[in-house]
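Sequence positions, counted from 1, serve as the residue numbers for this chain. In listed order, ligands and their atoms are each counted from 1.
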Amino acid sequence: MEVKFKSVGIVGTGFCVPKKVLTNFDLEKMVDTTDDWIRTRTGIRERRIADSNEATSDLAGKAARKALEDARLNPDEIDLIIVATLSPDMSFPSTACLVQHKLGIKNACAFDLEAACSGFIYGLSVADAFIKSSTYKIALVIGAETFSRIVDWKDRNTCILMGDGAGAVVLREVINGKGILSTYLDADGSGADLMKQPAGGSRLPATEETVKQGLHYFKMQGNEVFKHAVRIMTASTITALKKANLSNEDVDWLIPHQANSRIIQSVAKRLCIPMEKVIVNLDKYGNTTAATIPIALDEAVKQGKIKEEDNVVLVAFGAGLTWGACVLRW
Ligand code: COA
């Protein structure tokens, strides 16, 4: 007997970024860098930074409300909440539970998912499987970060890259042939040292010494990450397209993780996808980690770029190493 799974799609999107803008010119006053260096090496012009009283759940909650309004749903109709983040309000309880409370959602399963910059695609894939299997009906998947809290503002190699923000989507059953056509997730823990926050966990709990040594800050081997990112995002896109029985020529929109415009251009070139079909907004927000893709998706939908029946590919890589891609028919 053939088992027929439900089709699951995105029925609402929203995003929220903090008001405060930090430009490359502001960074020139903080570290030994220039606007020209940052723009030409990364494509970033400015990023948003959370206020001292603003945490990840605040940005996540605002993005989620917008996604719910867009989907014309009441908070009560949500029965699954996934927050993809590596900068939660605190280790526990989960940011997803805090968001649930903020939105007044009752009777929902809520948890955080940590897959760094790939977290949103991991979250989509998990929610897709839960809804397909009829375990839950309507899911909120949120990518949210206040990465500025773990950035070393004296390290020019990393502080110029990151920003804060949140993006959210609502997922539910849609008509057959639309929605998520395929997902592909992968990881390789042998690359764990390439990007990490060494202290603050069970390996190196917070002590005066770990704070003194700056071990609670984000550390990265930028060059190595760059090479992996180009290879991994290209291969992931090809794999996810194959799983959906599509080719690169069928792609209407590519929404890559927004880490560096040179990475994005190299991936698009290798995939033979023209840059006109690639959504890029990192000039305004920098790398918002798990939030880059849902923010870019919401902007592209609201700007009228993504239209009904368009084939959209989301692709990301991040610390772990983790990576993944998702093909959707809008
Ligand atoms: N301003 C000015 N100079 C800088 C600088 C800055 N902000 N940051 C680094 N430099 C210097 C370096 O010190 C180095 O100087 P040197 O040659 O005298 O040693 C020089 O610029 C080149 O550094 P390099 O690291 O080779 O530059 P790059 O072209 O690789 O760009 C990154 C650096 C970080 C922008 C790039 O490697 C990158 O984007 N990597 C991927 C990062 C990423 O995506 N992370 C998130 C993953 S989810």
Engineer: Whether Lys219 and Asp193 form a salt bridge (side-chain N of Lys/Arg under 4.0 Å from carboxylate O of Asp/Glu) is what I want to check.
Structural biologist: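 Lys219 and Asp193: not salt-bridged.
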Engineer: Give the protein residues with at least one non-hydrogen atom closer than 4.0 Å to an atom of ligand 1, ordered by chain and number.
Structural biologist: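 Its neighbours under 4.0 Å (heavy atoms only) are Asp32, Thr33, Trp37, Arg41, Thr42, Cys117, Arg156, Asn157, Ile160, Met195, Met220, Gly222, Asn223, Val225, Phe226, His257, Ala259, Asn260, Arg262, Ile263, Asn287, Phe317, given by chain and number.
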Engineer: Can the ring centres of His228 and Phe317 be said to be less than 6.0 Å apart?
Structural biologist: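 No, too far apart.
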Engineer: I'd like to know if Glu299 pairs up with Lys284 as an ion pair, taking the criterion as any Lys NZ or Arg NE/NH1/NH2 lying under 4.0 Å from an Asp or Glu carboxylate oxygen.
Structural biologist: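 Yes, this pair counts.
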Engineer: Could you walk me through whether Ser148 and Thr146 pass the side-chain hydrogen bond (donor to acceptor under 3.5 Å, both in side chains) test, one step at a time?
Structural biologist: CA-CA 5 Å; Ser148 60; Thr146 42; 5.9 Å; no
Engineer: Between Glu308 and Lys178 (salt bridge meaning N to carboxylate O under 4.0 Å), is one present in this structure?
Structural biologist: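 Yes, Glu308 and Lys178 are salt-bridged.
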Engineer: Between Thr85 and Glu145, does the side-chain hydrogen bond (donor to acceptor under 3.5 Å, both in side chains) criterion hold? Intermediate values first, please.
Structural biologist: CA-CA 6 Å; Thr85 185; Glu145 307 283 1; 3.2 Å; yes
